[in-house]
Amino acid sequence: MFSKILIANRGEIALRIIRACKEMGIRTVAVYSQADASSLHVQMADEAICIGRAQSSSSYLNIPAVISAAEITDVEAIHPGYGFLAENAHFAEICESCHITFIGPTPENIKLMGDKMAARISMQKIGLPIVPGSVSVVKNKDEAIKIANRIKYPVIIKASAGGGGKGMRICHNEIKLVSSFMTAQAEAEANFGNPNVYIEKYIDKPRHIEVQILSDTHGHHLYLGERDCSIQRRHQKLLEESPSPIVDSKLRKRLGEMAVKAAKSFNYVGAGTIEFLLDQDKNVYFMEMNTRIQVEHPVTEMVTGIDLIKQQILVAARARLPFKQSDIHFSGAAIECRINAEDFRNGFIPCPGKIESLILPGGPGIRIDTHIYQGYEISPYYDSLVAKIIAHGKNRNEALRIMQRALSEFKIEPIKTTIPFHSQLLTNSLFVKGEFSTHFVNEMLGEEEPAKEG
Amino acid sequence: MFSKILIANRGEIALRIIRACKEMGIRTVAVYSQADASSLHVQMADEAICIGRAQSSSSYLNIPAVISAAEITDVEAIHPGYGFLAENAHFAEICESCHITFIGPTPENIKLMGDKMAARISMQKIGLPIVPGSVSVVKNKDEAIKIANRIKYPVIIKASAGGGGKGMRICHNEIKLVSSFMTAQAEAEANFGNPNVYIEKYIDKPRHIEVQILSDTHGHHLYLGERDCSIQRRHQKLLEESPSPIVDSKLRKRLGEMAVKAAKSFNYVGAGTIEFLLDQDKNVYFMEMNTRIQVEHPVTEMVTGIDLIKQQILVAARARLPFKQSDIHFSGAAIECRINAEDFRNGFIPCPGKIESLILPGGPGIRIDTHIYQGYEISPYYDSLVAKIIAHGKNRNEALRIMQRALSEFKIEPIKTTIPFHSQLLTNSLFVKGEFSTHFVNEMLGEEEPAKEG
Amino acid sequence: MNIKEIKEMISLMNENGLVELEVEKDGMRIRLKKTASGIEGVSGPIVIERQAMQSAKASFASEPVKEASSKNVEIKAPMVGTFYRAPAPEAPPYVEIGQVIEAGQVLCIIEAMKLMNEIKSEIKGRIVEILVENAEPVEFGQSMFIVEPL
Amino acid sequence: MNIKEIKEMISLMNENGLVELEVEKDGMRIRLKKTASGIEGVSGPIVIERQAMQSAKASFASEPVKEASSKNVEIKAPMVGTFYRAPAPEAPPYVEIGQVIEAGQVLCIIEAMKLMNEIKSEIKGRIVEILVENAEPVEFGQSMFIVEPL
């Protein structure tokens, strides 16, 4: 086992990892930028090293600085958290060459899943369903029509270099497809400097369901149930829950076994997440895999009772997973609300600033993961996540009520946050009934869909 | 079900009850003294009524003021919390006569268990073991010798009017008994104005083990496992845990069934606690029953997943308990540390004052029940409990590590608290092994025992 | 002026709950200010003000309201209950605005637990304002009347 | 009024939770003001160094230290790594205390990821102090030298 770990991250996830290390008796080294000198992760680690300026490129993304800090503090391993260097295969390779354990998958694991298109092809090969359509560039109108006829309308045109919903066009028939194809190419060129587009079957109002997996270096792979992350806005998740209100135990087992099959197929190591889309008929499509711990991991921890960060550290130290699939039980329901310093009533624009007054929720069924405190200055340099509230109840209904109660307690002045968004969401009758898709937030707020009807 | 409840209490327990009500959709009325105007329970209740001056006698113990507040706010029930009016049969009777539901047992239940001597006699009658000895006043030396010969040495002489260890004398043989008897009478007279003493078998280094029970108005009684509260100083509990490290499932069942038998024997209603002493051979002795919710109820909630406050409210509304004994399962281990504003290094003297800087622990496995916030002024008028930290792990060892980690995170400046005491306790090897009695804190701190060797 | 004197000033501030202290004397000026107060304004050479309660629900005032041109005082509820201006529904009110009252005169009734408690004035004065409607609840310390002492 | 007195004032502020302290005396005026985390505002002829961040671990200074009688500046580490005073274990140090240095002159080496990075002075001056021992780690922004500009 490691005696000392460096945490190459900041904010709540750095604190989360420090907590796991403390409970395991492992000493911790925090790294921080000049903007984060008064941050809690700096205060709570055993050692802390300033590695650069506020800009991430100078600090948290600065590989030489991170490695150098690891060397001068003589750590045996680095935990990358999420974001920053967590899915950087090059960084994982450098760690390896410096004889520092990267707490995460192998560089090869990261590389394979980092190329989203290649990942889908490879998962299709082992029998996972993917969204029907081209997995390569569609050169012209005629090819587009041929593909659309094969996969059936509606279809969606996407920019190869795209992301975040930009440059997408939905087409319900051939006339629309013909008229949209050139426009889509032009938009792709304009937005991404690359005119390449591809065509997929359009999945209307899907659910985003992801499966948590855990793999050790001895070839054991487990699934820890699903998370429903359909509540998102512009591809930013806002609320996650486990179990999903639409996944029954049969579907859970099927999704879990697919996820384990995927992990096994390329000898995955560590904690990972397989993302699926579910259409309205509950058809399942593999989307991608995230080769890191995720922001929303606590909901899985609450319902399984398994500390995922501790397991990441254990498997990185080549330990065997201490349980079998049959040992994993799901208890109650857990919901996570991401409290971001964003003005919900003003297009979710980030609202950094100093916290003059703070009351965090507490009491039964509530877990708080946060790095903020009264007097803390929320920095404009990093993401706007200020706290995760996790509610755990004996069922979804109780978890929702606990969360509503917790939101009503949360005071953070004068910062504008997503708390009012969540309060509104939690009283929406469709949400309460569990009837929602990835379009739900847009619909609730009366915002435009990211993908235009072609 | 009630639509509106008044909470006749303050501090963390008032907040705890407000939380349960919010989750049940019940509106809340807080009452408060002038010293508590900026308290969190006042801020978080739907309505708040000032009922008197800072002194408890003018406010939280002022029955006409509490009842009057209940009448003007038109509530259907009053939750008394713990302390103050919680075990006041007269108050429960007044509530009844004003057609307000007292959320707790019947006045008769409270009265029977309020007389500790009568309670023991009555529990002995139904077959519960009690500590051997006199259950009435011992008039003279000769009677004392007769009793001691019957129950065997060592014995302890206690003042009938006593409490808190005062006026107690331990005697290991007849010579000591004879020499101590008159002294004990004189001390009882001096300390309590009443020379009456009684004699009991002396239980050396016992454990304080209590069983949580839950009874509805339909004659159903359940036990929710035990709490080990042996870590106490001058009869003030400092740390509680469930399960007890020395109670196995067989003993748990035996204690639980005794507790249920006790509750059943006098038609108890609501949440209650049966306190037992366990001697070093694990002989069990009934001590007393507390007819209220207790400070340490969260450890039971964590291991059973049952919200005791919600159950109190439900059974007060004459609902049936929604589970049977066979539905109660115990999961993992939970520990509660009471963080008091007391200077541990200076005889635990209370240290009220304004909280200038506050960081509460968080993260996985941690529940915080507190009414404090940065800027809050801890009042000298009430008890010194400022926060309860509850750690829940998959076993005692993990819970201890989570608690140690949480204690290291807790910052409350410039208030002196029991945090350093708990940090020291949690690294004590005997405590970690689970080897401790009610004398443990005195031994650890090198303090004098409350009862003198005769 | 030396450190010892400043120390004395600070302990004065601590003892008296001051948040700011400014002294100017023989070409010498000292100004001390403490955290966590809602009070910003400073006037005169030495200003002493008490900190107001934070809670919105704490509507009682701990000090009598004093206006610049008057010495009016508030009469506060000594108990929680229901406020009645008259001894019976049909009876005339005990007092009206403008009325001169004697010390010991009954001003209203507060009903608490079915008991009618007569509330008497401790001072002689003139009723300036009646702050509670008939049959409305009052909490402990809530202002009921504003009286101009005579 | 001297530094000792100011230090005493600051510790008085810290001990008593003052946020502002202003003293004017014999054409001299001192005003100290605190935020929640440290001493912030400064005016008057004597400049007080910005207080270090709360964390014991944040040992870098964000502002150059300026003493009343000098304009000395700090040379800080531009990267994390191991500090070496000489190009090789046996070689003489690049600079010694009292030595005059030119702009562009190498002052030390910081080793990071097995690379030896020469750290050069941006100013001409005289080495007043060397704050890091040979072969000790330095973090980003840590002061290594105090230089009196010439």
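Residue numbers begin at 1 in each chain, while the letters A, B, ... track the order of the sequences. Not measured: the values here are computed from a predicted model.
Under 4.0 Å is where a charged nitrogen must lie from a carboxylate oxygen, and between A:E23 and B:R405 at least one such pair does. The residues B:K388 and B:E296 are annotated as not salt-bridged, no charged nitrogen and carboxylate oxygen being separated by less than 4.0 angstrom.
Residue B:Q404 does not touch chain A at all, counting heavy-atom pairs closer than 4.5 Å. Neither the backbone nor the side chain of A:E12 has a heavy atom closer than 4.5 Å to any heavy atom of chain B. With a 4.5 Å cut-off on non-hydrogen atoms, A:R16 touches chain B through its side chain but not through its backbone. Heavy-atom distances place no part of B:P298 under 4.5 Å from chain A, backbone and side chain included. Only the side chain of B:L40 comes within less than 4.5 Å of a heavy atom in chain A; its backbone stays farther off. In this structure, chain B has a heavy atom under 4.5 Å from the backbone of A:M24, while its side chain stays farther away. Both the backbone and the side chain of B:I402 come within contact range of chain A, each with at least one heavy atom under 4.5 Å from a heavy atom of that chain.
Ranking A:I366, A:I359, A:L400 against chain B, the residue ahead of the rest is A:I359, based on heavy-atom pairs under 4.5 Å. Of the residues considered (B:G25, B:S331, B:P364), B:P364 shows the highest number of contacts with chain A, using heavy-atom pairs under 4.5 Å. Chain B forms more heavy-atom pairs under 4.5 Å with one residue of A:E398, A:Q374, A:M302, A:R401 than with any other, namely A:Q374. Most heavy-atom pairs under 4.5 Å with chain B: of the set A:R367, A:E301, A:H392, this distinction falls to A:R367.
Checked by atom type, the side-chain pair B:R10/B:S39 shows no donor-acceptor distance below 3.5 Å. With hydrogens and angles left out, the side-chain atoms of B:Q312 and B:H79 include a donor and acceptor closer than 3.5 Å. Checking A:T28 against A:K22 by side-chain atom types alone, no donor-acceptor pair falls below 3.5 Å. No hydrogens or angles considered: nothing links the side chains of B:R292 and B:T273 as a donor-acceptor pair under 3.5 Å.
The distance between the ring centers of B:H297 and B:Y82 does not fall below 6.0 angstrom.
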Chi angles and distances behind the salt bridge (charged side-chain N to carboxylate O under 4.0 Å, His left out) call for B:R396, B:E241: CA-CA 9 Å; B:R396 186 172 190 263; B:E241 54 182 301; 2.6 Å; yes
